[in-house]
Amino acid sequence: MKLLNETELLLERCYIDGQWVDAPARLAVHNPATGEQIATVPRLGAEETRQAIAAAERAGVAWRALTGKERAGYLRRWFDLVMAHIDPLANLLTAEMGKPLSEARGEIAYGASYIEWFAEEAKRIYGDVIPATQGDKRLLTIKQPVGVVAAITPWNFPNAMLARKIAPALAAGCTVVAKPAEQTPLSALALARLAAEAGIPPGVINIVTGDPVAIGGELTGNPLVRKLTFTGSTGVGKLLLRQCADTVKKVSMELGGNAPFIVFDDADIDAAVEGAMVSKYRNTGQTCVCANRLYVQDGVYDAFVAKLSQQVAALQVGNGMQPGVTQGPLIDVKALAKVEAHIADALAQGAKVVTGGKPHALGGTFFEPTILRDVTAGMKVAQEETFGPVAPVFRFRDEQDVVVQANASEFGLAAYFYSRDIGRIWRVAEAIEAGMIGVNTGLISTEVAPFGGIKQSGCGREGSRYGIEDYLEIKYLCLGGI
Ligand SMILES: NC(=O)c1ccc[n+]([C@@H]2O[C@H](COP(=O)([O-])OP(=O)(O)OC[C@H]3O[C@@H](n4cnc5c(N)ncnc54)[C@H](O)[C@@H]3O)[C@@H](O)[C@H]2O)c1
Ligand SMILES: O=C[C@H](O)CS(=O)(=O)O
């Protein structure tokens, strides 16, 4: 296997129809830890997107004609190449997004696990033979690829969110035109470089960087695109849903979250603190499944806050490339301003800072890991996704009270709770309105389980044996005259 170095994986051109495409108009890519410009990529628009869609349409003819096993072979080689390049890919990811290198390596392996998973699922796309109701008929179904898929992805997991979309699409026989977030295009371009190295034919994967509105307008309006898969904020998701309506596209939406994290008085408090740390502060609190609201029963509230505070104090804030750093910078000044606004709003309504609460002494977009106590439902930290290292800790009285509080959100992506009472575990797991629930754990994401939300956190599922269905159409065949 030929290994590419970091320079070969740092692409500053788009990938369309197997060609690396340049353009004079540029988008700058910055390292959020230092503010330095690390690269520029083409600022493309609707015309180049049209060309990419046409290329995907052309490539789809041969790609869908392959057997599932043949497509699996390509995906397997791509997986092997991604894992063989985990170090340069992680360096690129940390440079453009800021997360600590250890988390970046974890993300590369996590994204690759979806490629591996769907390399296997590609061989298991089954139809049905249906018992006919008339003697001269034979009924069956077959599953066929949707066609050209548009993928739009966020900056917080620039590798894994794209792999989680391209892998099932290609496994199903679809082709893809993807637009990564303008803050973090390099991971997507590096993935495409390795896909080309794996022999995935030109036009099967296309990466377009540039003006999100112009590119998104073409991806959602072009009738050749038969499906949109989006991961990002609920606001943008709603806009894209509306834009897809005119051509009635299939859609998958992985949107915002506001996860409740509940600690009952019968919980293992040390385990709950450990779970809160990973759920709240992973990726510096910039994940869609982060604990956004921590609810602790009255009897263990003070003990939990004290233990959590000790753990938070041990977090190391800094440049993600430095050994030992566990909290990187926020992605940009807009994200920093939102965190500050949420804290100011909470303090104005009576909350107290237990630890942190202000921008870090390092400056830039670094922020002190924060715990707030005595918070209430009317605060922004309860109603909105903070998307930063802030843990607001709410009190609650009893099971019924906390389920009502937890469900008082338009979001329903992830939720977590800690209890050692099996009856309570079943009652609360069935009552909480979320697509995914962690019970006595703060880390739930895996390629083998269905990832996705309900309510305004989205529709569809990624990963698991369900994830490929969103890229397939079921065709019913009725054979008469038998
Ligand atoms: N549910 C999930 O799996 C999941 C995963 C990661 C992030 N998210 C959510 O994403 C949000 C943070 O990511 P973000 O700030 O990148 O979200 P965002 O919605 O601002 O951007 C996401 C993507 O949409 C693009 N975009 C923005 N406006 C667009 C438009 N008008 N037309 C077309 N494309 C457009 C952006 O360029 C980016 O590529 C949070 O709300 C987080 O919860 C959800
Ligand atoms: O932020 C969104 C990601 O989906 C988080 S996870 O890595 O899949 O848990």
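Keep in mind the model is a prediction, meaning the values are calculated, not measured.
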Any donor and acceptor pair, going by atom type alone, linking the side chain of [X] with main-chain N or O of [Y] inside 3.5 Å?
X      : Y      : value
Thr220 : Gly216 : yes
Asn258 : Ala382 : yes
Ser457 : Leu413 : yes
Thr365 : Leu330 : yes
Asn319 : Ala33  : no
Glu96  : Leu186 : yes
Lys280 : Ala291 : yes
Arg105 : Ala90  : no
Lys227 : Ala169 : no
Trp117 : Ala167 : no

* Please lay out, stage by stage, how Phe230 and Leu241 fare under the test side chain to side chain contact (heavy atoms under 4.5 Å, CB included). => CA-CA 9 Å; Phe230 172 73; Leu241 275 169; over 6 Å; no
Roughly how far apart are [X] [atom1] and [Y] [atom2], rounded to 0.5 Å?
X      : Y      : atom1 : atom2 : result
Ser409 : Lys455 : OG    : NZ    : 5.5 Å
Ile166 : Ile200 : CD1   : CD1   : 8.5 Å
Ile437 : Ile432 : CD1   : CD1   : 6.0 Å
Glu103 : Thr287 : CD    : OG1   : 9.5 Å
Glu121 : Ile468 : CD    : CD1   : 6.0 Å
Asp345 : Ile343 : CG    : CD1   : 11.0 Å

* Can the positive tip of Lys99 be found less than 6.0 Å from the middle of the six-membered ring of Phe157, inside 45° of the ring normal? -> yes
* Charged tip of Arg395 within 45° of Tyr301 ring normal and under 6.0 Å -> yes
* Before giving the answer on salt bridge (charged side-chain N to carboxylate O under 4.0 Å, His left out), spell out for Arg424 and Glu399 the whole-Å C-alpha distance, their side-chain angles and the decisive distance to 0.1 Å. => CA-CA 8 Å; Arg424 168 169 287 163; Glu399 190 177 304; 2.9 Å; yes
Could you report the tightest heavy-atom contact between [X] and [Y], atom names first, then the distance?
X      : Y      : value
Cys290 : Ala259 : O-CB, 3.2 Å
Glu182 : Pro212 : OE2-CG, 3.7 Å
Leu294 : Leu308 : CD2-CD2, 4.2 Å
Thr370 : Phe367 : OG1-CE2, 3.5 Å
Leu347 : Leu372 : CD2-CD2, 4.4 Å
Leu44  : Cys14  : CD1-SG, 3.5 Å

* Asked: Would the Phe394 and Tyr295 ring centres measure less than 6.0 Å apart?
  -> yes
Hey, are the side chains of [X] and [Y] touching, using non-hydrogen atoms and a 4.5 Å cut-off?
X      : Y      : value
Cys288 : Glu254 : no
Pro369 : Tyr281 : yes
Ser445 : Arg282 : yes
Leu189 : Val41  : yes
Glu107 : Pro158 : yes
Leu194 : Leu4   : yes
Glu433 : Ile454 : yes
Ile152 : Leu228 : yes

* To do: Report the relative orientation of the aromatic rings in Tyr114 and Tyr110; use parallel for angles under 30°, tilted for 30 to 60°, perpendicular for over 60°.
  => perpendicular
* Asked: Is the Phe304 ring parallel, tilted or perpendicular to the Phe261 ring (thresholds 30°, 60°)?
  -> tilted
* Structure fact -> In Gln383, Lys380, Glu384, the residue satisfying side-chain hydrogen bond (donor to acceptor under 3.5 Å, both in side chains) with His342 is Glu384
* **salt bridge (charged side-chain N to carboxylate O under 4.0 Å, His left out) involving Glu462 - partner list, sequence neighbours excluded** => Arg164, Lys165
* Asked: For atom CD of Glu340, is the number of surrounding heavy atoms from other residues, nucleotides or ligands below 6.0 Å larger than 12?
  -> yes
Taking the basic N atoms (NZ, or NE/NH1/NH2) and the acidic carboxylate oxygens, is any pair closer than 4.0 Å for [X] and [Y]?
X      : Y      : value
Glu368 : Lys358 : yes
Arg124 : Glu120 : no
Lys250 : Asp470 : no
Asp270 : Lys307 : yes

* To do: Please step through side chain to side chain contact (heavy atoms under 4.5 Å, CB included) for the pair Asn156 and Ile331, ending with a clear verdict.
  => CA-CA 8 Å; Asn156 63 338; Ile331 187 69; over 6 Å; no
* To do: Under the ring pair (Phe, Tyr, Trp, His ring centres under 6.0 Å) rule, what do Tyr466 and Phe451 come out as? Steps first, then yes or no, please.
  => CA-CA 9 Å; Tyr466 303 102; Phe451 190 104; over 10 Å; no
* To do: Under the side chain to side chain contact (heavy atoms under 4.5 Å, CB included) rule, what do Ile108 and His85 come out as? Steps first, then yes or no, please.
  => CA-CA 9 Å; Ile108 303 298; His85 290 86; over 6 Å; no
* Asked: side chain to side chain contact (heavy atoms under 4.5 Å, CB included) between Gln316 and Gln327: does it pass, once the steps are laid out?
  -> CA-CA 6 Å; Gln316 291 296 312; Gln327 293 284 285; over 6 Å; no
* With salt bridge (charged side-chain N to carboxylate O under 4.0 Å, His left out) as the test, would you mind laying out the steps for Asp298 and Arg397 before giving the verdict? => CA-CA 6 Å; Asp298 286 332; Arg397 193 177 53 257; over 6 Å; no
* Asked: Any side-chain donor-acceptor pair under 3.5 Å between Thr49 and Glu218?
  -> no
